[in-house]
Amino acid sequence: MVPFTFIHAADLHLDSQFKGVSGLSDGIRAFLRESTFASFERLTELAIREQVDFIVICGDVYDAKDSSLQAQLRFQEALDRLGEHGVGVYVIHGNHDPLDGPRMIVSQKEHVHVFGPEFERVTACRRQDGRPVAVIGGISYPTAKVTENTSLHFQRNRDSSLFHIALLHANVDGDPAHETYSPCTRRDLTAAGYDYWALGHIHKRQVLQENSHIVYPGNIQGRSIRETGAKGCYVVRVDEAGNIGLQFHELDTVRWYHETLAIDGMEGEEAFYAMVEDRMEAIRSERPGQMSVVRFAVAGRSRLHQRLEEGMAEEILHELHRKAVRAAAEPGGFEGLVWIESFDIRSGPWIDREALLEEESFLGELLRYGRKAGPDGEIRSDLFGSALQPLAANGELRKLLAEVGEEERTGWLRRAEEMAVMLLAEHGREREGGGEPDEH
Ligand SMILES: [Mn+2]
């Protein structure tokens, strides 16, 4: 076999609008909107730098069926640049950019192959000497909603011993987080006898199988808070023996983060503000010179909880947005810019356990009971006996329960106590606030 190298990319979503992010200045919004193009430019540069033989792009080149003229022109410009460097390009279209979308007519370029709505196979050649190195099979979405299992159309060329690559925009094994277009299974794909399934559609990078390979490279630029972490493409090297080497390359220009701020026992607002700034700095130093967007989930129990919910989080968000907008207006201001998408308040009110233990209330009684049941003794065995009785009726579970040590039982007790305190405390708070009208 002749060794060769290609890039597997998918889901470029050129000209995504980033509608889900609010509070942005025009400048920052424009920068975000430029990010899909910038990441695609990095892909082009990578192909030239790595001297790959060709690129496969597995659907959703454009974000919208009626893709903007700007997106189309910039895509064509990149294709031309790749052509100048002898890099072949193989493209399929997906549910976001089906073939029936209104698009400008472009003349066929010799180094570019766009697959049609019916399955077809073409031969790809090596850049430096034009020797055939791979058979590429592919199929595009004729319309946005393809519910047929199109993977069943893929067949090897029986007369060819070349490496076989399949391009498909599909939901493999019914990932419920994505629309189930072109549904198929790993078994369907393996049965087709291809060496490498180059997939698109699911935006999360994943290698579903090796030898034969089934790969989602993910999208090249995260588009929302649901698409966190590094985004990019795979450089795939195939050696003389047909062995496959995958190397991931980051391409994203704006990265999305989901971070948790633990505020257990935190007392003051300054401490919270400092924690937020520290985290922003940590994100900044992880990727110096790049922009990031972060959602902070606030967790734990603290006296700050109520104040955070009652406007403090909003105020801090507003203040940090103001600072970010000002920084972004400076020359080079997007380098290291961290934009907070939101604070997601998941914390709870502070609970003073010692005070509750003294209290003449149901909660106080419960905590005192829990404390008595802690040490080994009659109360403890009574408690476990009655609590676990329904489970002990099952023979299998009874056997498992017998294997549980005392230390683990103590852990269960503490967790049950924590859960009861939390539920009862929340309930009490809701009742206190019960007279106020709901705000929706
Ligand atoms: Mn997509």
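Whatever order the structure lists ligands and atoms in, that order sets their numbers, starting from 1. As the structure is a computational prediction, the values presented were derived from the model and not from experiment.
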| His169 near the Mn ion (ligand 1) via N/O/S, less than 2.8 Å | no

| query | Given OD2 of Asp60 on one side and NE2 of His13 on the other, what angle do they make at the Mn ion (ligand 1), to 10°? | reply | 90°

| note | Of all the N, O or S atoms in Asp11, the one nearest to the Mn ion (ligand 1) is OD1

| message | Are Phe296 and Tyr257 an aromatic pair, judged by ring center distance below 6.0 Å? | response | no

| request: Please say whether the positively charged group of Arg205, taken as NZ for Lys or CZ for Arg, lies over the ring of Tyr216, i.e. under 6.0 angstrom from the six-membered ring centre and within 45 degrees of the axis. | output: no

| Looking at His164 versus Tyr194, is the centre-to-centre ring distance below 6.0 Å? | yes

| request: Answer with yes or no after comparing the ring centroid distance for Tyr62 and His13 against a 6.0 Å cut-off, counting only values under it. | output: no

